[in-house]
Amino acid sequence: MCGICGGIGLQDERILQEMAECIVHRGPDDTGTHLDDDVMLANQRLSVIDVEGGNQPIYNEDGDVVVVYNGEIYNYRELKADLEDAGHRFATRTDTEVLVHGYEEYGSDVFSQLNGMFAVALWDASRSTLLLARDRAGIKPIHYASVEDTLLFASEPKSILRSGMIDPAVDHAALRYFLQLRYSPTHTTLFDGVESVRPGHFHEISPAEDGLRHETTKYWQPPAPSTPPANPAAAVRECLKNAVDRQLMSDVPVGFYLSGGLDTSSVVAMASELSDEPIDTFCMGFADQQWDERDDARAVADHFGTNHHEFTIDQEFMRDFPEMIWHADEPKRNLYPYYVAREMADNVRVALGGLGADELFGGYVYRFRRLHSLAKRRVASDSSAGESGAVTGMVSQPVDGLENVRLVDPDRLESDAIVRHLDRDERLYVLLNSSDVFTDVETLQANVFGEGLADGPVPASWIRDQLPAEAPSNLVERGLYLDFCVKMPNDFLLVEDRMSMAHSLESRVPFLDNEMIDLAFSLPLSEKFGDLDADRNVGKAVLREAMSDLLPSAVFEKEKQGFTMPTVPFVRNELFEHARNILDAPYVVRNRLVRARYVDALLNNAPTGSNVAHYKLLWRLVALEIWYQMYVVDGATGPDSIEEYYT
C-alpha cells in the first residue's frame, strides 16, 4: 500500500519531492522516484509484501517499462507463474512486479486480469505513453490535472495542489452535487481542474504536436445478469472464504474491523476458520447506548475467540475534525472511521472489513423498500393518468422551506419532491440515496445554494451518465447498481481509503474481490432482498443463509445500523457551539456559495428529531467552511486547530 504521484511533460525534482512529501502518511517506509526527459514518478511506500525487496519504482528487464502503484494484487502469484512460464524474469517477491511484466506480455489488457485494489501509474518509454489505471470497484483513488502541456497525477488532490502549478479553487458544479449527496461526482473532485480516474478505467497520456494526447478506456463494467449457481448461499460462502484467504496475504500483522453486524462478522468467521491463531478484532463505540455496538461486537469476538480491542469516542470529534478533513480532501462529515483506523494502526498494519456487502447484496433495506413502493406507485399512477405525466404536475414548484426563518419538515419536502419526479429513475435515486438528502436540487437551489451555485448540471444527469445500455431497468435493481457504481466508490470507499491511510493503515475489502463481484451480479433480486413487501429485515438474504450456521443468532436479529454517530446529541452537545463561531461570517457565504438566511435559520433553531436532516446539512456546511479556509484561503498548507476556523 502506498501513495503515488508524478507527471508527464515536466521534469522538476523539487516539485516531485513536494508532491511526495504531502502524502508521506500513505507510505512512510520509503520514498522512491524516477525522472527522465519525459516523465517523473514518485512512490511513498507502506511495506506489506516483500518488505525488504519491494521498494518502488519497479522496472522490467530492459528498464523501458516502469511503474509506481498503490494497492495489492491478490492473484499476483498465479500471474507471476504464468509470466515466468512465458519467459519473464522477476527480481523481487513483491506483487508490484507483475504489473511491468504483465504489461510487457498483455499490454493494457493486464488491468482486466488483476484481482485486487489498485491505482497504477505506468510509463512505457518505447511508446512515450503514461498509463493511469484504477481497479474495477474504485477501492484505490487516483486523480489528475492538466496544466498547459503538463499532466500531474496523485493519490490525493492535495498532492497535486502542493505542486504549486494549480491554484486551489472550487468546482461549482461538483459542489452543487456534493451538497445534495455528500460526495463528489465520479469523474471529478471539488477542486476546479482536478479530476478522477473512474473505477474500471485507464487513461493513456502521450506527447502530441499540440500538447498532450489523452485517451480514456473502460476496461470493465458490472457484468450483465447470468445464470446463478444451483446453490447461491453455498457459493457465496465459498466465495467469501476464498476472498478472505487471498486477502490474508501479508508480511506484516493483520487485524479485522468488527461491529457485530452481518458483514464484518462474516469476514471474521472466515478468517477464524483460516487462521491457526486467534485473530485480532477491533470495535469503536459511543457513549450513547443507542448507537454503541460494542456489546454486539464483543459477543461475536467471544464466539470466535478473537483477541478483541475496543474503545470509545467521547467529546473529541470536533477537535480532530480539521485533521480529518485535511486527509479526506473533502468537507465530509462521516469521517469517524478515522478513530478506529488510528487504534488499529497502533497494533497492526493491515485491516480487513465488511465494506461492499451492502452494495452487492442489498443492505439498505429501508431505501429499497421505498424504491419498491415507488415503482408500484408509478405503475398505479401510469394506469390512472396514462402517459401524460399528470402525476409529476401535482406539485409543480419547489417549496420555499425557509419563510420567516422556519425549517420546513424535511419529510414533507422530500415527499413533495418525490411526487414531482415520480417518473424519473435517477431523480428518485438521488432523493433516496442518503438520509442526508431532505429534498431535491430545485428546493436546494431556492433555499440553500448561493448565487455562485446558480447554474449547473443536476446530480441526476451525471448519475444517469453512469448507466450503460445494459443496466437493469427495474427501479430497485437500478438503485442497487448505482449504489455499487456511484455511492460506494465516491463516498464509502473514499472515506475508507483516506481515514485508514491517514494512519498508514492498509484497509482491505474482501467483499469486493473479483470473484465475489461476479457472483453477486449473477444473482437475481430475490436472493438479495427476499420479499420487499414483508415487515421483517429482508436485506442480504443470500448472505444470511450462507452464514446461518456459523454466526451467533443475535447477528441475524440485529437491525441494519451502519457505521454512524448519534446526530442530534452530537449537534446539541458538541457541534452547535463550534458552528456558531465557524459560520458567524463564513467565507462560503461571502463567496456566494451558500445563502446567509439558510445558515441563520439553522443557527437560530434548536436541533430536534424532526429536523435532523437539516442539521446533518449544518454539519456538512461547517465542514465546507473549514475545507474552504484550509484549501482555498490558506492554499492547502495543512490543518490548524478548530478555533483557527472561527470567522
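Not measured: the values here are computed from a predicted model.
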Engineer: Would you check, one step at a time, whether the test salt bridge (Lys or Arg N to Asp or Glu O under 4.0 Å) holds for Asp29 with Arg349?
Structural biologist: CA-CA 12 Å; Asp29 296 333; Arg349 275 224 160 172; 2.4 Å; yes

Engineer: Applying side-chain contact (heavy atoms from CB on, under 4.5 Å) to Asp320 and Tyr339, what does each step give before you reach the verdict?
Structural biologist: CA-CA 10 Å; Asp320 297 321; Tyr339 291 112; 2.7 Å; yes

Engineer: When you check the gap from the basic side-chain N to the acidic O, do Asp513 and Arg508 get nearer than 4.0 Å?
Structural biologist: no

Engineer: Quick one: do Asp549 and Arg237 satisfy salt bridge (Lys or Arg N to Asp or Glu O under 4.0 Å)? Show the steps, please.
Structural biologist: CA-CA 11 Å; Asp549 64 332; Arg237 179 156 156 176; 2.5 Å; yes

Engineer: Between Glu515 and Arg246, is there a salt bridge with N-O shorter than 4.0 Å?
Structural biologist: yes

Engineer: Evaluate the side-chain proximity of Tyr481 to Gln466: yes if any heavy-atom separation is below 4.5 Å, no if none is.
Structural biologist: no

Engineer: Would you say Glu310's side chain and Gly285's backbone share a donor-acceptor pair under 3.5 angstrom?
Structural biologist: no

Engineer: Quick check for you: to the nearest 0.5 Å, what is the distance between Thr188 atom OG1 and Asn490 atom CG?
Structural biologist: 10.5 Å

Engineer: Parallel, tilted or perpendicular: which fits the ring planes of Trp619 and Phe317, with parallel below 30° and perpendicular above 60°?
Structural biologist: perpendicular

Engineer: Closest approach of Gly261 and Ser259, non-hydrogen atoms and distance?
Structural biologist: N-OG, 3.1 Å

Engineer: For the pair Glu359 and Lys487, evaluate side-chain contact (heavy atoms from CB on, under 4.5 Å) and give the outcome as yes or no after the intermediate values.
Structural biologist: CA-CA 9 Å; Glu359 290 73 25; Lys487 185 173 179 61; 5.9 Å; no

Engineer: With heavy-atom distances below 4.5 Å as the criterion, would you say the side chains of Leu262 and Leu543 are in contact?
Structural biologist: yes

Engineer: Report yes if the side chains of Phe256 and Thr264 come closer than 4.5 Å at any heavy-atom pair, otherwise no.
Structural biologist: no

Engineer: For the residue pair His327 and His25, categorise the inter-ring angle as parallel (less than 30°), tilted (30 to 60°) or perpendicular (more than 60°).
Structural biologist: perpendicular

Engineer: Measure across Asp50 and Thr94 and return the closest heavy-atom pair with its distance rounded to 0.1 Å.
Structural biologist: OD2-N, 3.4 Å

Engineer: Please tell me if the side chains of Leu240 and Ser266 come closer than 4.5 Å, counting only heavy atoms from C-beta onward.
Structural biologist: yes

Engineer: Let's go through Val348 and Val254 carefully: what are the C-alpha distance in whole Å and the side-chain angles of both, what is the deciding distance for side-chain contact (heavy atoms from CB on, under 4.5 Å) to 0.1 Å, and is it a yes or a no?
Structural biologist: CA-CA 5 Å; Val348 298; Val254 178; 5.8 Å; no

Engineer: Assign the ring pair Tyr366 / Tyr364 to parallel, tilted or perpendicular, where the plane angle (0 to 90°) is split at 30° and 60°.
Structural biologist: perpendicular

Engineer: How many angstroms lie between NZ in Lys140 and CZ in Arg134, if you round to the nearest 0.5 Å?
Structural biologist: 10.0 Å

Engineer: Is there a salt bridge (Lys or Arg N to Asp or Glu O under 4.0 Å) between Glu426 and Arg478? Walk through the geometry before answering.
Structural biologist: CA-CA 9 Å; Glu426 286 70 49; Arg478 186 170 285 228; 3.1 Å; yes

Engineer: Heavy atoms only: give me the nearest Leu550-Ala269 pair and the separation to one decimal.
Structural biologist: CD1-CB, 4.5 Å

Engineer: Can you name the closest pair of heavy atoms from Tyr257 and Gly353 and give their distance?
Structural biologist: CD1-CA, 3.5 Å

Engineer: Can you confirm whether the side chains of Ser507 and Ser500 place a donor and an acceptor under 3.5 Å from each other?
Structural biologist: no

Engineer: Check whether any side-chain N or O of Ser373 sits under 3.5 Å from a backbone N or O of Arg370 as a donor-acceptor pair, and report yes or no.
Structural biologist: no

Engineer: How far does CE of Met324 sit from CZ of Arg333, to the nearest 0.5 angstrom?
Structural biologist: 13.0 Å

Engineer: Please check if the side chain of Arg620 supplies one atom and the backbone of Leu179 the other of a donor-acceptor pair under 3.5 Å.
Structural biologist: yes

Engineer: Would you mind reporting whether Leu512 and Leu493 have side-chain heavy atoms less than 4.5 Å apart?
Structural biologist: yes

Engineer: For Ala351 versus Leu505, what's the shortest heavy-atom pair and its separation?
Structural biologist: CB-CD2, 4.0 Å

Engineer: Between Trp462 and Val486, is there a side-chain heavy-atom distance shorter than 4.5 Å?
Structural biologist: no

Engineer: I need the Glu323 CD to Leu335 CG distance, nearest 0.5 Å.
Structural biologist: 11.5 Å

Engineer: Can you tell me if Tyr69 and Asp95 form a side-chain donor-acceptor pair at under 3.5 Å?
Structural biologist: yes

Engineer: Measuring only between side-chain heavy atoms, which start at C-beta, is Asp358 closer than 4.5 Å to Asp483?
Structural biologist: no

Engineer: Classify the ring geometry of Phe361 against Phe511: parallel below 30°, tilted from 30° to 60°, perpendicular beyond 60°.
Structural biologist: perpendicular

Engineer: Hey, are Asp329 and Lys158 close enough for a salt bridge, meaning a charged N less than 4.0 Å from a carboxylate O?
Structural biologist: yes

Engineer: Please report the closest heavy-atom contact between Ala119 and Pro141, naming both atoms and the distance.
Structural biologist: CB-O, 3.3 Å

Engineer: Between His503 (side chain only) and Tyr338 (backbone N and O only), is there a donor and an acceptor less than 3.5 Å apart?
Structural biologist: yes

Engineer: Could you walk me through whether Asp425 and Arg464 pass the salt bridge (Lys or Arg N to Asp or Glu O under 4.0 Å) test, one step at a time?
Structural biologist: CA-CA 9 Å; Asp425 286 6; Arg464 185 177 60 249; over 6 Å; no

Engineer: Show the atom names and distances, to 0.1 Å, of all donor-acceptor pairs under 3.5 Å that link a side chain in residues 516-525 to residues at least two apart or in another chain.
Structural biologist:
residue: Ser522; atom: OG; partner: Leu519; partner atom: O; Å: 2.7

Engineer: Do side-chain atoms of Gln44 reach the backbone of Val24 as a donor and acceptor pair under 3.5 angstrom?
Structural biologist: no

Engineer: Between Met284 and Glu343, does the side-chain contact (heavy atoms from CB on, under 4.5 Å) criterion hold? Intermediate values first, please.
Structural biologist: CA-CA 9 Å; Met284 180 184 81; Glu343 182 76 10; over 6 Å; no

Engineer: Would you kindly say whether Asn75 and Asn514 are connected by a side-chain donor-acceptor distance under 3.5 Å?
Structural biologist: no

Engineer: Check whether any side-chain heavy atom of Thr281 lies under 4.5 Å from a side-chain heavy atom of Phe304, and answer yes or no.
Structural biologist: no

Engineer: Under 3.5 Å, is there a donor-acceptor pair between the His143 and Ser196 side chains?
Structural biologist: yes

